[in-house]
Amino acid sequence: MSPQKTQIQWIAGTFGFIFISDQIAKAIVIRNIEPHQAYRGDVFFHFTHQRNTGLIGGVFSDVPLVAYIAPLAGLAVLAYMYTQLNRESRSQAIAYGMLIGGALGNILDRIRLGSVTDYMQFHFYFIPFDFPWKYYPAFNIADAGIIIGVCLLFITLSLYPISEEHAPGDN
């Protein structure tokens with residue numbers, strides 16, 4: 001099998017895993033937890049039901065146009081990034097699939113519901129002083145896929161060179 005076909009399979013599999021697991025988790029949360037409520041199964045971490053009209057962590061929630069434009073701009077960057085991936089790097093393919101799965105999972109929510117459903121939250125109750133994120137902003141599997149995918153992609157891009165077919169000046 002060609003390296004490009006293998007790469008596409010890894011991207012598609014990772015995309016499917018992130019996208020589907022995120023959508024299933026969101027459906028369970030919407031069905032079982034009232035908005036702005038929490039199921040406190042653990043003191044440090046709990047499931048909640050938050051409606052996020054902004055970006056990750058609620059940034060730009062007061063400027064809804066940014067929350068619609070930024071993900072589309074991110075998809076344009078990802079389309080370009082695909083051309084730069086090393087066809088031999090499974091790690092880059094997985095990172096790319098995580099990014100696409102997370103981005104499309106949140107974009108689907110924003111289009112379908114007008115906001116993104118966030119459902120996981122850390123509570124740093126044990127810290128004896130107040131700080132802005134004692135309750136860490138709620139997030140979801142799509143957000144985690146985006147963050148982990150970005151970190152993994154940066155690491156692998158520094159470890160694996162751009163494939164020869166994409167090297168600058170080789171047109």
Side-chain angles (χ1 to χ4, degrees), residues 11-12 14-42 44-85 91-127 129-158:
I11 290 170
T14 307
F15 160 81
F17 177 77
I18 295 293
F19 184 82
I20 291 168
S21 60
D22 180 62
Q23 292 300 305
I24 289 170
K26 287 174 179 174
I28 292 169
V29 166
I30 290 169
R31 188 174 314 123
N32 294 302
I33 303 175
E34 293 295 320
H36 307 293
Q37 298 297 314
Y39 171 77
R40 299 186 196 292
D42 183 345
F44 176 64
F45 175 84
H46 57 264
F47 290 98
T48 183
H49 182 174
Q50 303 292 321
R51 307 301 306 166
N52 184 357
T53 57
L55 300 174
I56 292 177
V59 177
F60 294 113
S61 57
D62 54 341
V63 187
L65 188 59
V66 172
Y68 283 93
I69 292 174
L72 297 176
L75 285 177
V77 169
L78 286 174
Y80 170 75
M81 286 295 301
Y82 177 74
T83 66
Q84 302 303 307
L85 296 179
S91 301
Q92 285 182 11
I94 290 170
Y96 192 80
M98 293 176 86
L99 283 164
I100 293 288
L104 291 179
N106 281 343
I107 287 171
L108 178 64
D109 264 20
R110 196 167 307 285
I111 291 169
R112 194 172 50 111
L113 305 170
S115 62
V116 174
T117 303
D118 289 330
Y119 47 84
M120 296 184 282
Q121 190 171 43
F122 291 101
H123 177 201
F124 299 102
Y125 68 93
F126 49 84
I127 297 177
F129 55 88
D130 275 341
F131 70 104
W133 283 7
K134 198 157 191 163
Y135 276 100
Y136 190 79
F139 61 100
N140 57 43
I141 291 172
D143 295 337
I146 292 168
I147 297 300
I148 294 168
V150 164
C151 293
L152 183 59
L153 196 57
F154 278 128
I155 291 167
T156 59
L157 284 173
S158 65

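Worth knowing before you read on, the calculation uses all heavy atoms, side chains too, and leaves out hydrogens, waters and symmetry mates. Owing to the predicted nature of the structure, the values given are computational and were not obtained by experimental measurement.
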Using the side chain to side chain contact (heavy atoms under 4.5 Å, CB included) rule, take Gln23 and Asp109 through it: C-alpha gap first, then chi angles, then the decisive distance, then the call. CA-CA 9 Å; Gln23 292 300 305; Asp109 264 20; 3.8 Å; yes

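Side-chain contact between Met98 and Val150 is absent, with no heavy atoms from C-beta onward closer than 4.5 Å. Residues Gln50 and His36 form a side-chain contact, since some pair of their non-hydrogen atoms from C-beta on lies under 4.5 Å apart. In this structure, the side chains of Lys26 and Asn106 come closer than 4.5 Å at one or more pairs of heavy atoms. Considering only heavy atoms from C-beta on, Ile30 comes within 4.5 Å of Arg51 through its side chain.
For OH of Tyr68, the number of neighbouring non-hydrogen atoms (other residues, nucleotides, ligands) closer than 6.0 Å is greater than 12.
The backbone N or O of Ile11 sits nowhere less than 3.5 Å from a side-chain atom of Thr14 that would complete a donor-acceptor pair. Asn52 contributes a side-chain N or O that, together with a main-chain N or O of Leu55, makes up a donor-acceptor pair within less than 3.5 Å. Using modelled atom types, one side-chain atom of Arg110 and one backbone atom of Gly54 make a donor-acceptor pair closer than 3.5 Å. The backbone N or O of Leu78 sits less than 3.5 Å from a side-chain atom of Tyr96, completing a donor-acceptor pair.
For Phe45 and Phe122, the gap between ring centers is short of 6.0 Å.
Taking all atoms of both residues into account, the shortest heavy-atom contact from Ala95 to Gly149 is CB-O, 3.5 Å. The two residues Thr156 and Leu153 make their nearest non-hydrogen contact at OG1-O, 3.2 Å. Pairing each heavy atom of Leu75 with each of Ala103, the nearest pair is CD2-CB, 4.1 Å. The two residues Gly145 and Ile18 have their closest heavy-atom pair at CA-CD1, 4.5 Å. Residues Thr117 and Leu113 share a closest heavy-atom pair of OG1-CD1, 4.0 Å.
Here the CD1 atom belonging to Ile94 is positioned 12.5 Å from the CG atom belonging to Leu99, to the nearest 0.5 angstrom. Between the CD1 atom in Ile141 and the CD1 atom in Ile20 there is a gap of 11.5 Å [rounded to 0.5 Å]. Here the CE-CD1 distance, from Met81 to Ile100, works out to 10.5 Å after rounding to the nearest 0.5 Å. To the nearest 0.5 Å, atoms CD1 (Ile148) and CG (Asp143) are separated by 10.5 Å. To the nearest 0.5 angstrom, Ile107 atom CD1 is 10.0 Å from Phe19 atom CZ.
Using modelled atom types and a 3.5 Å distance limit, the side chains of His46 and Gln121 yield a donor-acceptor pair.
Across Asp22, Thr48, Asn140, a single residue satisfies side chain to side chain donor-acceptor pair (under 3.5 Å) together with Tyr119, and that is Asp22.
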